[in-house]
Participant: 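Pasting a structure below so you can have a look.
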Amino acid sequence: MRLDVVTIFPEYLEPLNVSLVGKARARGQLQVGVHDLRDWTYDRHNTVDDTPYGGGPGMVMKTEPWGDALDEILADGYEAGARGPVLVVPTPSGRPFTQELAVELSERPWLVFTPARYEGIDRRVIDEYATRMPVYEVSIGDYVLAGGEAAVLVVTEAVARLLPGVLGNAESHRDDSFAPGAMANLLEGPVHTKPPVWRGRGIPEVLLSGHHGKIARWRRDEALRRTTAHRPDLIERTAPAAFDKKDREMLSILGWAPDPEGERSGRFWRRVEDVEE
Ligand code: JB8
């Protein structure tokens, strides 16, 4: 896979030299180009921003540097279709970046990222490149960064670990909490390692029992416990059929019951305390 990043802060992308992504690059599994947007400015002050039409606060990134940068980068090896590049534009107004989208992007050979600063990029730039290639405007979460570079690091790491041969063990993704088809999309429970006692704290006995069936059940129960606590939305929208009898027993212990309106509302489960409302 090839990645290109165009930014006014190339040094912000230094983490791409480290760890999983850095190693994938060193092994030749990933080619990364980081480009300084100011290389495509031609005035004395290397201007990349200007005031917004219509007024309002902040500055908007200008069309010409982005257009010239993208034209030059895309000209090097461009092909249309499935072998061609896609543009990934981090923005708080994008579609949520999910594991499903990470999988989709990991199947493309070439990703071009355009992390902005200020109030973002003049809309015409995105509209122009959308006529030539798929454009994914993505948000990594409901909070606002000062610029898109950190989002590029997030997307890159999520995508790179899915590439064939990048993670040591091909098994390791199937259990990911958000892997498509993971166990009803539950959060993972706690993990433990040596020593067996630390500051007076032991390990749940079942993990030392060697009883694989009981261990799997305990892990599933802990996953249900964490998911109800931290992501009740994931439980609510899971059809009862995705849970086995023991799951439903555990959900009941945790105070969850099937919602009689489930099939119609898409909210299949609710907290038992809420039933009274
Ligand atoms: C300026 O929060 B974000 C994000 C924020 C940004 C820009 C891009 C992304 C550009 N602020 O995902």
Side-chain angles (χ1 to χ4, degrees), residues 1-26 29-41 46-49 52 57-62 65-66 69-70 73-74 85-108 110-123 125-126 129-130 133-163 166-167 173 176-179 187-188 230-231:
M1 172 177 275
R2 170 176 170 189
L3 308 177
D4 287 282
V5 187
V6 187
T7 171
I8 61 169
F9 293 123
E11 65 277 26
Y12 207 121
L13 283 302
E14 279 295 309
L16 297 179
N17 294 320
V18 177
S19 187
L20 174 125
V21 174
K23 280 179 195 140
R25 289 175 79 174
Q29 294 163 324
L30 201 58
Q31 288 78 48
V32 178
V34 176
H35 312 273
D36 188 341
L37 180 67
R38 293 193 203 275
D39 291 351
W40 289 274
T41 56
N46 301 120
T47 309
V48 294
D49 62 329
M59 298 292 273
V60 174
M61 297 193 94
K62 294 168 65 60
W66 284 109
L70 290 171
I73 291 159
L74 294 169
V86 303
L87 198 61
V88 182
V89 185
T91 165
S93 46
R95 65 196 261 199
F97 180 64
T98 59
Q99 188 65 23
E100 189 181 332
L101 188 49
V103 168
E104 188 176 326
L105 293 177
S106 75
E107 291 165 352
R108 301 291 310 211
W110 187 6
L111 309 180
V112 180
F113 293 92
T114 57
R117 288 272 145 178
Y118 315 107
E119 303 304 313
I121 304 172
D122 186 308
R123 185 69 222 172
V125 175
I126 288 101
Y129 290 93
M133 69 189 78
V135 174
Y136 294 81
E137 292 183 86
V138 299
S139 164
I140 61 164
D142 291 341
Y143 41 78
V144 181
L145 303 172
E149 286 78 7
V152 172
L153 296 176
V154 167
V155 172
T156 298
E157 186 156 316
V159 169
R161 67 186 283 285
L162 297 175
L163 299 176
V166 168
L167 263 194
H173 338 119
D176 293 353
S177 285
F178 292 100
L187 304 186
E188 279 167 34
H230 293 169
R231 292 295 305 278

Participant: Would you check, one step at a time, whether the test side chain to side chain contact (heavy atoms under 4.5 Å, CB included) holds for Leu163 with Gln29?
Facilitator: CA-CA 8 Å; Leu163 299 176; Gln29 294 163 324; 5.7 Å; no
Participant: Residues two or more places apart in sequence or in another chain: which of them pass salt bridge (Lys or Arg N to Asp or Glu O under 4.0 Å) with Arg38?
Facilitator: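 Checked Arg38 against salt bridge (Lys or Arg N to Asp or Glu O under 4.0 Å); zero matches.
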Participant: Ignoring hydrogens, what is the shortest heavy-atom contact between Gly58 and Pro52? Give both atom names and the distance.
Facilitator: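 Looking at all heavy atoms of both residues, the shortest contact is O-CD, 3.2 Å.
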Participant: Could you tell me which residues satisfy side-chain hydrogen bond (donor to acceptor under 3.5 Å, both in side chains) with Ser139, sequence neighbours excluded, listed by chain and number?
Facilitator: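 Residues passing side-chain hydrogen bond (donor to acceptor under 3.5 Å, both in side chains) with Ser139: none at all.
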Participant: Sequence neighbours excluded and cut-off under 3.5 Å, please list the side-chain donor-acceptor pairs for residues 150-160, or say none.
Facilitator:
residue	atom	partner	partner atom	Å
Thr156	OG1	Val152	O	2.7

Participant: State, with a plain yes or no, whether a side-chain heavy atom of Met133 is found less than 4.5 Å away from one of Val86.
Facilitator: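 No, too far: nothing below the 4.5 Å cut-off.
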Participant: Are Ile8 and Tyr118 close enough that some pair of their side-chain heavy atoms sits under 4.5 Å apart?
Facilitator: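 Yes - at least one pair of side-chain heavy atoms lies under 4.5 Å apart.
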Participant: Determine, step by step, whether Leu87 and Leu70 satisfy the side chain to side chain contact (heavy atoms under 4.5 Å, CB included) criterion, reporting the C-alpha distance in whole Å, the side-chain angles of both residues, the deciding distance to 0.1 Å, and the verdict.
Facilitator: CA-CA 10 Å; Leu87 198 61; Leu70 290 171; 4.1 Å; yes
Participant: For residues 139-154, which residue pairs qualify under salt bridge (Lys or Arg N to Asp or Glu O under 4.0 Å), counting only residues two or more places apart or in two chains?
Facilitator: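 For residues 139-154: Arg117-Glu149.
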Participant: Give the intermediate values and the outcome of side chain to side chain contact (heavy atoms under 4.5 Å, CB included) for residues Val88 and Phe97.
Facilitator: CA-CA 11 Å; Val88 182; Phe97 180 64; over 6 Å; no
Participant: Please identify each residue that fulfils side-chain hydrogen bond (donor to acceptor under 3.5 Å, both in side chains) with Asp49, with sequence neighbours left out.
Facilitator: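 Applying side-chain hydrogen bond (donor to acceptor under 3.5 Å, both in side chains) to Asp49 gives none.
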Participant: Answer whether the closest heavy-atom distance between the side chains of Thr98 and Phe178 falls below 4.5 Å.
Facilitator: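 With C-beta onward as the side chain, the pair stays apart.
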Participant: Would you say that Phe113 contacts Leu13 through its side chain, given a criterion of any heavy-atom pair below 4.5 Å between the two side chains?
Facilitator: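 Answer no - side chains too far apart.
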Participant: Can you check whether Thr114 reaches Tyr129 side chain to side chain, under 4.5 Å on heavy atoms?
Facilitator: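 They are not in contact (no side-chain heavy atoms under 4.5 Å apart), so the answer is no.
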Participant: Could you state the interatomic distance from CE (Met61) to CG (Asp122), rounded to the nearest 0.5 Å?
Facilitator: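 It comes to 11.5 Å.
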Participant: Which residues satisfy the side-chain contact (heavy atoms from CB on, under 4.5 Å) test with Glu104, sequence neighbours excluded?
Facilitator: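 side-chain contact (heavy atoms from CB on, under 4.5 Å) check on Glu104 returns Arg95, Leu101, Tyr136.
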Participant: Evaluate the side-chain proximity of Pro90 to Ile140: yes if any heavy-atom separation is below 4.5 Å, no if none is.
Facilitator: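 They are not in side-chain contact.
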Participant: May I have all residue pairs that pass salt bridge (Lys or Arg N to Asp or Glu O under 4.0 Å) and include part of residues 8-22, sequence neighbours excluded?
Facilitator: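 Passing the test, one end in residues 8-22: no pairs.
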Participant: So, for Ala116 and Ile121, which heavy atoms are closest and what is the spacing to 0.1 Å?
Facilitator: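 Taking every non-hydrogen atom into account, CB-CG1, 3.6 Å.
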Participant: Name all residues meeting the side-chain hydrogen bond (donor to acceptor under 3.5 Å, both in side chains) criterion together with Glu119; count only those two or more places apart in sequence or in a different chain, and write none if there are none.
Facilitator: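 side-chain hydrogen bond (donor to acceptor under 3.5 Å, both in side chains) check on Glu119 returns nothing, list empty.
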Participant: With a 4.5 Å cut-off on side-chain heavy atoms, are Tyr12 and Thr7 touching?
Facilitator: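 SC-SC contact between Thr7 and Tyr12 ruled out.
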Participant: Is any side-chain heavy atom of Asp4 closer than 4.5 Å to a side-chain heavy atom of Trp110?
Facilitator: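 With C-beta onward as the side chain, the pair touches.
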Participant: Working to the nearest 0.5 angstrom, can you tell me the gap between Met1 CE and Leu105 CG?
Facilitator: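 CG of Leu105 is found 7.0 Å from CE of Met1.
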Participant: Please name the pair of heavy atoms, one in Pro85 and one in Pro134, separated by the smallest distance, quoted to 0.1 Å.
Facilitator: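 Taking every non-hydrogen atom into account, O-CD, 3.7 Å.
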Participant: Residues two or more places apart in sequence or in another chain: which of them pass side-chain hydrogen bond (donor to acceptor under 3.5 Å, both in side chains) with Asn46?
Facilitator: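 Partners of Asn46 under the side-chain hydrogen bond (donor to acceptor under 3.5 Å, both in side chains) test: Thr41.
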Participant: Give a yes or no answer on whether the side chain of Arg161 reaches the backbone of Leu20 with a donor-acceptor pair at less than 3.5 Å.
Facilitator: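 Not confirmed, Arg161 side chain does not pair with Leu20 backbone.
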